[in-house]
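Data first, discussion second: the structure below is written as structure tokens.
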There are 2 protein chains.
Amino acid sequence: MSLVLDPAAQDLLFREARTANTFTDEPVTEEHVQAIYDLVKYGPTAFNQSPLRITLVRSPEARERLVKHMAEGNQPKTATAPLVAILSADNEFHEELPQLFPHFPQAKDAFFSERPVREQAAGLNAALQAAYFIVGVRAAGLAAGPMTGFDFQGVQKEFLDDDHTPLMIVNIGKPGDDAWFPRSPRLEFDQVVTTV
Amino acid sequence: MSLVLDPAAQDLLFREARTANTFTDEPVTEEHVQAIYDLVKYGPTAFNQSPLRITLVRSPEARERLVKHMAEGNQPKTATAPLVAILSADNEFHEELPQLFPHFPQAKDAFFSERPVREQAAGLNAALQAAYFIVGVRAAGLAAGPMTGFDFQGVQKEFLDDDHTPLMIVNIGKPGDDAWFPRSPRLEFDQVVTTV
């Protein structure tokens, strides 16, 4: 066995963890979210640019507004999950670069003066952070239900602004009854990895 | 403390893990890569589409060809890392969907018949898998050095094809002398998370 990570942690984060489609009523607290963030904020991004932004949809009124923008199949779980988070990429992340990358404060102007460059960098790096966030939700003993089946423009208009591009929406909570389908097969090693 | 993940695992994967810029000579074996893949293949993607592809650059001749496409500051570490992996997104991932998503074999045609839709989905979901891969490298007790500073078109032409878009290149190995800068600061919770 070539992994040093404890097998229980392997199970918690990957092997036994599943995308949940139903949830119990047990709340996801502010302490949960803070503990998750305090762990996954250390995941690496290019220039430490850290473009992920998280909008927690907590009020019933906001939840109702969000559910309208979800694909029909995603509406019931988004309506009933204990917590729903909108993950977005901040295309103006460069404003924080002098704080985030003190080794080379010029990076802000040297590399990120153009919006299309920032959008591409923010899209990739916020997606990395979205994956760290999913791993972090699992590290908190909770199940994540990431979804891209929603009206992206509608969610952006309703909850964000022109500088924030939605990436995905994640339901969070303890898995409920019949929370998932049987595990789908994965690609074989040789279908994914080639050597040159 | 709201995390259930063992603190040693938290340190291994996030708190103590760092992006390495130098490496020891200790090889990264095929068993390492298989163990990493066998763990992180379970990370979730939309429709289980699993678009990440991994090209291991093992031969000295291939390494030399790769180094030429790296940004100058990335050349020495890419030349000396025990293993270098090119991570790419397979824009034709839908061909494997009937295998990967047996609950709904029509997904291939219903959602992914158009190439631009596939490119967008593959870019996002392969980025999620790239992050799982980085976490997996760390789970193997190794350090990852992810880089986007390279000629993307050059690497695509040299090592991939029109159906595979490079995402990032990752140096892998045991950290060497002076492997990293001091940890850069992270954004505060309130800079990242808002509640509605």
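The chains referred to below are lettered A, B, ... by the order of the sequence lines, with proteins before strands, and numbering in each begins at 1.
Neither the backbone nor the side chain of B:Gln120 comes within less than 4.5 Å of any heavy atom of chain A. Using a 4.5 Å cut-off between heavy atoms, B:Asp6 does not touch chain A at all. For a residue to count as touching a neighbouring chain, one of its non-hydrogen atoms must lie under 4.5 Å from one of that chain's; by this rule A:Leu124 touches chain B with backbone and side chain alike. Residue contact with chain A, scored on non-hydrogen atoms closer than 4.5 Å, involves the backbone and the side chain of B:Ser50 alike. Residue A:Leu128 touches chain B through both its backbone and its side chain, counting heavy-atom pairs closer than 4.5 Å. For A:His103, the part sitting under 4.5 Å from any heavy atom of chain B is the side chain, from C-beta outward, and nothing else. If you measure heavy-atom distances from A:Leu142 to chain B, you find no contacts under 4.5 Å at all. Contact annotation for B:Phe111: neither backbone nor side-chain heavy atoms come within less than 4.5 Å of a heavy atom of chain A. For B:Ser184, the parts sitting under 4.5 Å from any heavy atom of chain A are the backbone and the side chain alike. Residue A:Gln49 does not touch chain B at all, counting heavy-atom pairs closer than 4.5 Å. Using a 4.5 Å cut-off between heavy atoms, B:Phe14 touches chain A through backbone and side chain atoms alike.
Of the residues considered (A:Thr195, A:Leu5, A:Val196, A:Val57), A:Val196 shows the highest number of contacts with chain B, using heavy-atom pairs under 4.5 Å. Interface summary for chain B: among A:Pro102, A:Ala46, A:Ala126, the most heavy-atom pairs under 4.5 angstrom belong to A:Pro102. Listed options B:Ala139, B:Pro146, B:Ala9, B:Ala121 were ranked by heavy-atom pairs under 4.5 angstrom with chain A; first place goes to B:Ala139. By number of non-hydrogen pairs under 4.5 angstrom with chain B, the leading residue of A:Leu12, A:Ile134, A:Asn125, A:Leu100 is A:Leu100. Note on A:Met147, A:Gln191, A:Gln129: by heavy-atom pairs under 4.5 Å with chain B, the leading option is A:Gln191. Chain A forms the most heavy-atom pairs under 4.5 Å with one residue out of B:Leu56, B:Asp90, B:Val40, and that residue is B:Leu56. Of the listed residues (B:Arg183, B:Met168, B:Arg58), the one with the most heavy-atom contacts under 4.5 Å to chain A is B:Arg183. Chosen from A:Leu39, A:Asp38, A:Val193, the residue pairing most often with chain B at heavy-atom distances under 4.5 Å is A:Leu39. Interface check for chain B: of the options A:Arg18, A:His32, A:Gln34, the most heavy-atom pairs under 4.5 Å are formed by A:Gln34.
Looking at B:Glu16 and A:Tyr42, their side chains never come closer than 4.5 Å, going by heavy atoms from C-beta outward. Using a 4.5 Å heavy-atom threshold, the side chains of B:Glu96 and A:Leu187 count as touching. Proximity of B:Val33 to A:Phe189: side-chain heavy atoms (C-beta onward) are separated by under 4.5 Å at one or more points. B:Arg138 places a side-chain heavy atom less than 4.5 Å from the side chain of A:Pro44.
Using a 4.5 Å cut-off between side-chain heavy atoms of Ile, Leu, Val, Met, Phe, Trp and Tyr, with links allowed through other members, A:Leu83 and A:Leu87 fall into the same hydrophobic cluster. B:Leu160 and B:Ile54 are not part of a single hydrophobic cluster, where members link through side-chain heavy atoms under 4.5 Å apart. By the criterion of side-chain heavy atoms lying less than 4.5 angstrom apart, applied directly or through intervening Ile, Leu, Val, Met, Phe, Trp or Tyr residues, A:Ile86 is not grouped with A:Leu167; the two fall into different hydrophobic clusters. Under a hydrophobic clustering in which Ile, Leu, Val, Met, Phe, Trp and Tyr are joined whenever their side-chain heavy atoms come within less than 4.5 Å, directly or via other members, A:Val170 and B:Leu3 fall into the same cluster. Clustering ILVMFWY residues whenever any of their side-chain heavy atoms sit less than 4.5 angstrom apart, transitively, puts A:Ile172 in the very cluster that holds B:Val4.
Dense packing is recorded around CD of B:Gln106, with more than 12 heavy atoms of other residues, nucleotides or ligands lying under 6.0 Å away. Around CG of A:Asp177, the count of heavy atoms belonging to other residues, nucleotides or ligands within 6.0 Å does not exceed 12. With a 6.0 Å radius and a threshold of 12 heavy atoms from other residues, nucleotides or ligands, A:Asp162 has its CG atom at or below the threshold.
Between the CZ atom of A:Arg186 and the OH atom of B:Tyr37 there is a distance of 8.5 Å, given to the nearest 0.5 Å. Rounding to the nearest 0.5 Å places CZ of A:Phe101 at 6.5 Å from CZ of B:Phe181. With rounding to the nearest 0.5 Å, the separation of OH in B:Tyr132 from CG in A:Leu13 is 11.5 Å.
Taking non-hydrogen atoms and a 4.5 Å limit, the residue list of residues 59-78 of chain B in contact with chain A, ordered by number, reads B:Ser59, B:Ala62.
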